[in-house]
Amino acid sequence: MDMRRPPRTVSDPKVRQVGFVTPSGAPPTRSLSDAPTTVAAVASAASASSPPSGEISLPGSSLSPVMIPPPRHASSDGRPSAPVAVPNPASSLRRESLRIRVGSYNASEVVLGTPPSASPSSRTDNAASEFSEETMSPWHGRSGTAKVASSFPGSTSEMIVMKTGVGGGGGAGSTPKSPLTTASVVKTLPGISEKEREVLMGTQNDGAGVSKTLKEKTTKAERRAVQEAQRAAKAAAKEAGAGVKPSAASGSAVVANTKQGKIVKPPSQKKDGPQIAPPSGSSEKKVVDRPPEKDRKKDVPAPRMQFDDKHRVEKAKRRAVVNQFEAKNRVELFRHLPQYIHGTQLPDLEGKFFQLDPMHPSVYKVGLQYLSGQISGGNARCIAMLLAFREAIRDYSTPPEKALVRDLTAKISSYVSFLIECRPLSISMGNTIKFLKNRIAKLPDTMSESEAKYSLQSDIDRFINEKIVIADKVIIRHAVTKIRDGDVLLTYGLSSVVEMILVYAHEVGKQFRVVIVDSRPKLEGQVLLHRLVAKGLNCTYTHINAISYIMHEVTRVFLGAASVLSNGTVYSRVGTACVAMVANAFRVPVLICCEAYKFHERVQLDSICSNELGDPDVISKVSGRQDLNHLDNWADNENLQLLNLSYDATPSDYVSMIITDYGMLPPSSVPVIVREYRRENLWI
Amino acid sequence: MPDLQALVTDFVLKLKRRKIEGSQATAKQTAELLRQVVSQQRMPYTNQASVLIDAVRAVGEQLIAANPIGELSNSYLFLAVGNIVRRVLHIIREENLSSTTAAMEGLGLTAGSDDDEGEHEDRPGLSAAAVAAAARSTLRAPSLQTLLEDIPESAVAPHPSSSGGDSEGKSKSADRGSRSKKLKHDVIEAINELIQDIDTCHELISEQAVEHIHQNEVILTLGRSRTVKEFLCAAKEKKRTFRVFVAEGAPRYQGHVLAKELVGKGIQTTVITDSAVFAMISRVNMVIVGAHAIMANGGVIAPVGINMVALAAQRHAVPFVVVAGSHKLCPLYPHNPEVLLNEFRCPSDLLDFGEFSDCMDYGSLGGSPLLHVVNPAFDYVQPKLVSLFITDTGGHNPSYVYRLIADYYSADDLVVQQNST
C-alpha cells in the first residue's frame, strides 16, 4: 500500500509537468519552481528527519491561497510534531500490532495474513531500488493526466500535502525517496508516454466495449473540465478578493491550459489525450459530482440494486469502474441479482490499475482480493475493508475548497461502490460502512484535519477491536459453557467464530468430537478440518447430503452466520439452512454464533429476494473428479443453467439460540438487540 | 448342477464387485438366474412345487447370504435380489395353487378337497400358503358371492385369473405328470412375465407423467434415477413445458448426467448444489425422486441426500413424489435403516488422500485416528415425508404400500434367510 502511495502523491506535480510544462510557457515556470524548491528542501532537510514539513511550508508560503492556509497550517503544525517522524512509525507499529491481533484472532491466516505481510517487504524493496523509473513512472503519467483533467484547482496544494504524507508513509525510507521521485519526475518524462501507450494498448485490447464507453465519456469529461475551470475561476475570484491572486490565477490558467492541452495535444500524443481523459472524467465524477447530501440520504447499503431493472443497470454500468460482462444462461428466478462472467473482471481491472485515479491503492487491493476470492468470510472481509479505509483516511487530505466531512464521505462512497463492483457487500460490511460514515458525519467542525483523521483511524481500530475481536472472545466464553464432555458438535463450512470456539473448548480440556459438514463448491470445511486436526481435535468429515445420517450421533450444532436479520432469520453460507433443518428434525439444538455488528434490521423470508450469485463454472467442475465432464461447455446450451448460490436464509424456528456478544438469546430477541444496539452502542 | 452353481457364484461375484449398476438391472438378472434355476430343476413326481420352492430358496439364500453383513456392501442391490427371490417364490406358490385348484375343479369339489388334504399332509407350509393366497384373493376381488360363501369354499371358489390356470383348467388334465410339467412351464412363463414387467416398468410409470406434471411446473430432483429421467422425458414428449432443478447429488454427482440428458431432450434445466436445496425448494412445485427400495411401511431407501430434500419439501408443503418400479417394493419393515440398510463408500470421494495424508499422521487419540470420513450411500426417508408413490401399477399412498406388497409376496417368504439358518 505504501509503495503505491508515494508514486501517486508525488506523481501529481510531475504530471502537471508532463501535461503542460512542455507545451506552454506559463505553467512550466510554476511547476519548475515547484520542483526545484521541493528538491532543494529535501536536499537541505535530507539529514533532518522532517523533510516533508519543509516541503509543505515552502510551497505553502509561495502559493499561500487564503482559503487553504488554515488547514495547511494546522496540518503542518500537526505534522512536524506527530506525523513526520513519530506518527509513521507509530502508525505502522499500531498497524503491525493490529495485524498480529487479527492474525491470532484467526480470521484465517490465508485471508488476512498474506496481504499485509506481502506489502511491507515489496514496499521497501521498491522504494530502495528502482523506485521511480520502472514501476512508478507509468503511474505518474496516468494519474497525473487524469488529475489534470479533473481536480485541478486544488491539486497543487493537495499534492504537496500528499507528498508529506508520502514521506511519512514511507517510514524509514522517506527521506531518500522524495528526492528520487522528484528527480525521476523530470527524467522519466519521455518514458512515460511510451509506457502509457503500452498500457493503453493493453486496455484497448481488453475489449471493444471499453473503448466505446470511453468515447462516450470523453465528451463528458470535456464538459467536466469546462465546469471545473469555471468553478476554479470562481474560486480564484473569491481568493482574489482575499488578496492572494497570483497562485489562484496561475491555477486557473493552468486549468485552461490543461484543457487546451487535452484538446490540442492529440496530434502529439494521440492516444493519451482522449483515452486517459475518460477514466479520469468518470472516476472524478464519482468523487465530485455526486452531491454528498444525496449520498448521505441513501446510506451505503442503499436500497439494493435490482439487476432486472434494465435502465438502472445501464446507468450503473456506465459508472462502473470494473468492466463486467453479463453471464450467459442466467437463471430466470435470479434476474434481479448481478451475475458476471467470472475471470473477465480481474484482468480487466488489473489493466486499469493505473487509471483508477481516485482509488486508494489499499482499497484497490482489497477490491481485487474480494474479486479473486482471496479474502472471504464476513469478518475477514470486513476487517480488510476497514484496514484499507484506514490507510485511505491516513493518506487523505481535504481538497482546498471542500469540507472534510463531505469530501471524505464522498470518497468513502466511491471506494464502497468500487468494492461493490468487485463483490456485492456483505451485510456486516454495510453495517460497518454505516458506522464509519456516521463517524465522519459526526466529526465536529472545529476539529482540525489531522485530528479528525486521527480520530477516524482510532475509531476504525476500536471498531475492529471491540466489535469483532473482543466480541468474538465474548462469544467464545459464552459458547464454551454450552459444550459438555462427551458432546458431538457439528459445524458446517468454515466459520471463524466457531473454529475459535472449538479450539478454545479443546484447550480448556473439554472432551468432545467434532463433525464437520462440507459442501461443494467451496469446500471450506476442508480448511477447517485441516486446522482442527492439526490442533489435535477428533474430527469426522462428511458432506452435506450425509447430514441425516450423521445427525443421529450429534448433540449440538454450532453454526456461523453472515448476518442475523431482525425477524430472526439467519442469513448464512448456503447449506446452513439444510443443516439447521435436519438438526431440528432430529431434535438437536442449533446454536448460531454471530457478532452483534452483523445484525441487521432488514427482514427476509426466503433466500431468493436477496442473495449473491457465485461463479457458475465451478459447479460444472468437480475437483478431483476428471471423469465428470458432463457439463463442459454448458453455456452453449440455452436450456441449461448452473446456479451457484452463496447464501441462504435459515428460518428462525430452526434456531435454538443465538450466541452473540450481548449474551445468548432466542431468535425472537434479535430485533431488540438490533434496536438497542443501533441506538446505544454502534454509533457512540 | 455344476453349471448352475457356477452361474450363481458368478452372479454373486458380479454383485460384490459392483459390476451390476442399478437395482433394475440387478432385479432383471436375478429373475433370469432364477428362471434358469427353475428350468434346470428336475421335477419329481410329487411335491413339485415344494421342490421348486426349495431350489429357488436355496439359491436365494446363497445370493442374499453373499451380502457381507459386516461391510454392508451394496446392500440395496441385495435388497433387490431378495425382492426378486421372494417374487419368484410367490409366483411358484401362486402357480401351484392355481394348478391345484384347476385340478380340483377337474376332479370335482369333494375329491379336490381330499386331494388337498393329502397334499396338506405332505407340505404343510404350502397349504398354509395356499390358504393365505386364497385369503388374499378374497381380499383382492371381494364380491358379494364370495362374501356369502363359506371360507373353505371361498378358498376354492375365486377362479385365479392367471392365464396358466385358465389354460390348465381348460385342459382339465387329471394326470399329475402332465400337471407337474405344466407347473414348471407356468412358473417359467410367470417369471418371464416378471422380467418383462421389470423391463417395461419405466414405460408404465412414465405414461402417468402427464397426469402429474402440469404446464410451467417447477420440479426438483436430486442425483440421477433412470425412472425419473424417463418420467420427465415422457412429460416433455407430451408437449408439457416445465423446468427442472437438479441437485447434483454428492458424492457421485449423477445430477450432472441427468441434467445433460434432460437438456438433450429440450427441458429447461438448472443445476444447483446440494446445499442450495433448501433455498430453492420454496420456488418448487414438486419434488420427484427415484428410490432404491420402498419398504413395507412406506419408507424409502434412496440415494444419500434425499432425506434432506424430503424434509425441506415438507417444510414448504411441496409434494414429495417417489417414482419406482414395483420390483423395488421390499416386504421388510425397516429397523434403524440408516445404519442397517446402508453402505459406506470410499472416503476418497470426499477427501483427497494426497492432501490429507498429513492429517492422518497427526497422531491418534488412544489408538483411534483423529480423522474420520463418513461417506454413506443411502438415506432413509420416513413414510410421513412421502406424498405419493408412482409405480407401474399406479399411484399409491405410503400407507398403502403394505397392501401392494401383499400382492407380490407371500407372507411365508418374507424371511428367506432365517428359515434356513
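Reminder, nothing fancy here: chain letters follow the sequence lines and each chain counts from 1. Just so it is clear, the values below take in all heavy atoms, side chains as well, and ignore hydrogens, waters and symmetry mates.
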Check this for me: does any side-chain nitrogen of one of A/Lys535 and A/Glu507 sit under 4.0 Å from a carboxylate oxygen of the other? no
Under a 4.5 Å heavy-atom cut-off, does chain B meet the side chain of A/Ile516, its backbone, both or neither? neither
Could you tell me which of A/Asp648, A/Asn644, A/Leu537 has the largest number of non-hydrogen atom pairs under 4.5 Å with chain B? A/Leu537
Whether A/Phe512 and A/His506 hold their rings parallel, tilted or perpendicular, with breakpoints at 30° and 60°: perpendicular
Scanning both residues in full, the closest heavy-atom pair of B/Leu222 with B/Val289 reads N-CG1, 4.2 Å
For the backbone of A/Val488 and the side chain of A/Arg556, can you confirm whether one donor and one acceptor N or O come within less than 3.5 Å of each other? no
Does any heavy atom of chain B fall under 4.5 Å from the side chain of A/Ala649, the backbone, both, or neither of them? backbone
Heavy-atom proximity to chain B below 4.5 Å, by part of A/Ile547: side chain
Contacting moiety of A/Leu640, where chain B heavy atoms sit under 4.5 Å: both
Please determine, among A/Gly575, A/Ala577, A/Ser607, A/Cys539, the option with the most heavy-atom pairs under 4.5 Å with chain B. A/Cys539
Would you say the ring centroid of B/Phe378 lies under 6.0 angstrom from that of B/His292? yes
Side chain, backbone, both or neither of A/Ile544 within contact of chain B (heavy atoms, under 4.5 Å): both
Highest number of heavy-atom pairs under 4.5 Å with chain A among B/Ala250, B/Ser282, B/Ala276 belongs to B/Ala250
Return the option, out of B/Met308, B/Glu261, B/Lys260, B/Arg243, with the maximum number of heavy-atom pairs under 4.5 Å with chain A. B/Met308
Using a cut-off of under 4.5 Å for heavy-atom pairs, which of B/Leu350, B/Asp379, B/Thr273 has the most such pairs with chain A? B/Leu350
Spell out, as yes or no, whether a donor-acceptor pair under 3.5 Å connects the side chain of A/Thr542 to the backbone of B/Asn375. no
With distance as the sole test, does A/Thr555 use its side chain to make a donor-acceptor pair with the main-chain N or O of A/Asp487 at under 3.5 Å? no
Can a donor-acceptor pair be found, under 3.5 Å and without considering hydrogens, that links the side chain of B/Arg283 to the backbone of B/Val218? no
When only pairs under 4.5 Å are counted, which of A/Trp634, A/Tyr654, A/Tyr647, A/Tyr492 shares the most heavy-atom pairs with chain B? A/Tyr654
Would you mind checking which part of B/Glu338 comes under 4.5 Å of any heavy atom in chain A, side chain (CB onward), backbone (N, CA, C, O), both or neither? both
Please look at A/Val574 and chain B and tell me whether the side chain, the backbone, both or neither of the residue comes under 4.5 angstrom of a heavy atom of that chain. both
With a cut-off of 6.0 Å (strictly less than), are more than 12 heavy atoms of other residues, nucleotides or ligands near CD of B/Gln215? yes
Name the member of B/Pro303, B/Pro251, B/Ala247, B/Gly249 that forms the most heavy-atom pairs with chain A at distances under 4.5 Å. B/Pro251
Side chain / backbone / both / neither for A/Thr576 at chain B, heavy atoms under 4.5 Å: neither
Which bit of A/Asp653 comes within less than 4.5 Å of chain B, counting heavy atoms only: side chain, backbone, both or neither? side chain
Sort A/Val582 into side chain, backbone, both or neither according to what part of it lies under 4.5 angstrom from a heavy atom of chain B. both
Tell me whether the rings of B/Tyr253 and B/His256 are parallel (<30°), tilted (30 to 60°) or perpendicular (>60°). tilted
For chain A, the option from B/Val257, B/Val246, B/Asn307, B/Val263 that forms the most heavy-atom pairs under 4.5 Å: B/Val263
Heavy-atom distances under 4.5 Å only: say whether A/Ile619 touches chain B with side chain, backbone, both or neither. both
Do any N or O atoms from the side chain of A/His543 and from the backbone of A/Asn545 form a donor-acceptor pair under 3.5 angstrom? yes
